[in-house]
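Written below as structure tokens is the structure these notes are about.
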Protein chains: 2
Amino acid sequence: MAEAAPRRQPTLDEVAELAGVSRSVASRALNNAPHVSRVKREAVERAVRQLAYVPNPSARALATRQTGAAALVISGEDPSIFADPFFAQVIVGASAALEEADLHLMLCLAASDRGRKRVEELFRSKGADGVMLMALREDDPLARMAQEAEIPVVFGGRPVGPAPRWYVDVDNVGGAREATEYLLSRGRTRVAAICGRMDTEAGRARYRGYRDAVLAAGLDPFPPLEGDFTEPSGAAVMTALLANHPDVDGVCAANDNMAAGALRTLRETGRPVPAEVAVVGFDDLAIARIADPPLTTVHQPITEFGREMARMLVALVNGQDPTPLILPTRLVTRASA
Amino acid sequence: MAEAAPRRQPTLDEVAELAGVSRSVASRALNNAPHVSRVKREAVERAVRQLAYVPNPSARALATRQTGAAALVISGEDPSIFADPFFAQVIVGASAALEEADLHLMLCLAASDRGRKRVEELFRSKGADGVMLMALREDDPLARMAQEAEIPVVFGGRPVGPAPRWYVDVDNVGGAREATEYLLSRGRTRVAAICGRMDTEAGRARYRGYRDAVLAAGLDPFPPLEGDFTEPSGAAVMTALLANHPDVDGVCAANDNMAAGALRTLRETGRPVPAEVAVVGFDDLAIARIADPPLTTVHQPITEFGREMARMLVALVNGQDPTPLILPTRLVTRASA
DNA sequence: TCCTGAACTGGAAGCGCTTCCAGTATTTCG
DNA sequence: CGAAATACTGGAAGCGCTTCCAGTTCAGGA
């Protein structure tokens with residue numbers, strides 16, 4: 001009966017008026033800043049409720065020079081890289097941490113040129129209070145943008161090259177080494193590595209871990225057999241591997257997707273796993289548990305990875321200077337090795 | 001040698017001054033609006049380049065009352081629902097469509113109360129130009145918020161209850177019916193359904209499709225055996241099913257995850273698939289191809305789903321009135337049935 | 001009682017951009 | 001060649017909020 005239908009949103013002025021205070025006081029009360037008496041604070045609260053007032057984020061952003069949002073940028077030629085369930089888990093963690101800090105999450109899949117241009121504008125216009133950057137490849141144009149950025153940037157996984165100031169990463173070398181050592185300790189002597197993209201630091205580091213372990217055992221490492229972190233590429237590399245080295249008895253894959261692909265090839269070619277060939281993966285995604293046989297793999301705390309990345313960014317936004325973080329991995333043994 | 005290091009971002013005023021025009025003209029030139037002579041337009045462009053000017057999004061948002069962002073809200077008690085690769089694919093599509101419209105994507109995992117409160121504020125404060133809403137359950141509090149929202153909302157998948165004004169969905173009934181008919185046409189006569197959550201419209205609709213097909217064949221449908229769309233729940237329901245109906249010879253699962261779980265149970269209990277029990281899934285995610293045996297499943301165009309949802313939202317934001325969309329499904333036959 | 005300082009208060013100046021509108025320069029046509 | 005229409009232009013008024021700062025109020029102490 002009251003309420004004109006298409007009414008404008010109430011503004012802070014109206015709240016102030018209804019509460020019988022000035023706009024400044026109302027603003028302070030809202031942000032519960034000091035210098036507001038109890039009485040007025042309550043009057044403002046009442047008015048806010050009565051008018052169903054909600055502050056206008058844009059106005060606030062303009063006045064405070066803070067957007068209230070953090071961006072998660074995922075690089076990649078091809079948006080389908082994002083189909084890797086790995087990222088979903090990262091997002092769950094990051095989202096939770098940002099929620100605590102009351103920041104919104106902007107997701108940027110920087111695949112096309114257009115997408116990269118938008119990210120660049122995001123950086124330059126300070127369209128977010130900070131940026132998390134993932135899945136960078138060697139010579140990734142996003143690296144340069146991050147360099148020049150005047151807003152906080154944290155890297156999820158070190159990029160190839162010199163380590164940035166702020167990042168969170170996983171102990172890729174240690175994880176891969178442990179996995180390889182496990183294979184060797186079970187008597188495997190011809191252990192190959194199915195590598196991820198070697199233009200990523202994760203791909204390289206995991207190969208280094210494998211290599212270290214093999215060398216330490218006095219054996220000859222295989223050269224890197226490069227896949228691209230997808231299941232089909234794992235299957236393909238495994239096929240080639242079997243053709244060239246039919247006597248291979250262990251495979252250390254740079255992630256679970258490729259390990260699953262290897263399992264498929266082995267199944268299709270009738271090689272029993274682990275009897276003839278043992279396989280280990282990396283990530284410990286759902287697929288590792290579902291695979292047949294279930295995958296022995298290097299567990300990494302992915303959700304935590306996302307959470308820590310976001311926390312680091314929040315710290316940065318708040319003017320602190322957090323230190324880089326390297327999360328531990330842990331070998332999970334299942335039937336495949 | 002020039003350039004003071006921590007210089008402020010250049011503003012439109014400075015661009016205008018450098019170009020020798022007024023701010024209004026500069027603004028018009030920037031948004032290439034009419035009423036700007038060629039000469040001045042070029043002068044402005046030059047100044048923009050020279051100062052490396054980027055407009056301030058908050059200021060623009062405040063002045064235009066448009067945020068330049070669309071939100072994708074995913075409901076769910078538990079953030080891990082988001083781990084379903086389904087969502088990743090939706091995001092790929094939505095992200096692409098929003099990029100075309102030059103909108104940013106905000107991702108809201110509305111799991112906790114806090115998360116829902118933030119979404120509510122997003123709605124009420126018009127913190128985004130529009131919202132895409134997914135994975136709603138019966139009596140979902142987000143439904144009410146969407147009701148009251150004064151900003152465009154499109155639903156990804158109809159919610160339980162009356163259909164909203166704008167949504168995109170998939171032909172769940174038709175897909176499930178086709179899958180079930182396929183099983184029946186291959187001579188299976190005791191076909192059960194492993195259902196998804198029955199407090200979602202997708203869960204219900206897929207069961208309806210199954211039911212329709214079974215009834216049409218003159219057989220008795222199984223009651224809904226409810227899982228929650230996860231692999232473990234599929235395995236658990238399958239175990240129970242085998243215990244109660246050892247003679248079941250076909251299973252129609254409401255998604256691939258649960259179908260994979262069913263396959264695992266069948267493998268572990270030594271029932272050959274499809275010889276003794278045939279299994280079909282729904283979704284056609286990567287897991288369907290990877291499963292052993294590969295899963296016959298109902299393909300749905302998930303990326304397109306996301307894209308269409310975003311396109312519909314963009315249309316809405318632009319003042320159009322798009323019509324709801326129901327995307328077709330298609331049965332993909334592989335070895336499991 | 002008067003003075004000092006702490007606690008509040010609200011006016012006013014922005015934050016950086018869009019857009020209305022009145023005014024000026026340029027055409028175009030009778 | 002003058003008048004009317006057209007094309008540009010820039011001043012100024014916002015958009016809705018924060019925050020500085022000068023001013024006011026009110027205890028408490030001398």
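Proteins come first, then strands; the chains are lettered A, B, ... in the order of their sequence lines, and each starts at number 1.
- In this structure, Arg23(A) reaches the bases: a heavy-atom distance under 4.0 Å links it to at least one base atom across the strands shown.
- Counting non-hydrogen atoms of neighbouring residues, nucleotides and ligands closer than 6.0 angstrom, the CD atom of Glu17(A) reaches no more than 12 such neighbours.
- No donor-acceptor pair under 3.5 Å is formed between the side chain of Arg124(B) and the backbone N or O of Ala149(B).
- Arg28(B) comes within 4.0 angstrom of a base, heavy atoms only.
- Few gaps surround CD on Gln320(A); more than 12 heavy atoms of other groups in view lie less than 6.0 Å from it.
- Checked options Leu12(B), Val39(B), Leu30(B); the residue passing with Val44(B) is Leu30(B) (criterion: side-chain contact (heavy atoms from CB on, under 4.5 Å)).
- Toward the 5' end of DNA chain D, the nearer of the two residues Gly20(B) and Ala59(B), judged by each one's closest nucleotide, is Gly20(B).
- You can see that DNA chain D meets the heavy atoms of chain B within a 4.0 Å-exclusive cut from dC8(D) to dG16(D), reading 5' to 3'.
- Among the protein residues, Thr11(A) comes within range of the sugar-phosphate backbone only, with heavy atoms under 4.0 Å from sugar or phosphate atoms but none that close to a base.
- If you check every strand for non-hydrogen atoms under 4.0 Å, Ser27(B) touches a base.
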Worksheet item: Can you list the steps and then say if Leu98(B) with Val314(B) is a side-chain contact (heavy atoms from CB on, under 4.5 Å)?
Response: CA-CA 8 Å; Leu98(B) 291 179; Val314(B) 169; 4.2 Å; yes
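- Residue contacts shown for Ser37(A) are limited to sugar-phosphate atoms, with no base heavy atom under 4.0 Å away.
- Under a 4.0 Å N-O distance rule, the pair Glu42(A)/Arg38(A) qualifies as a salt bridge.
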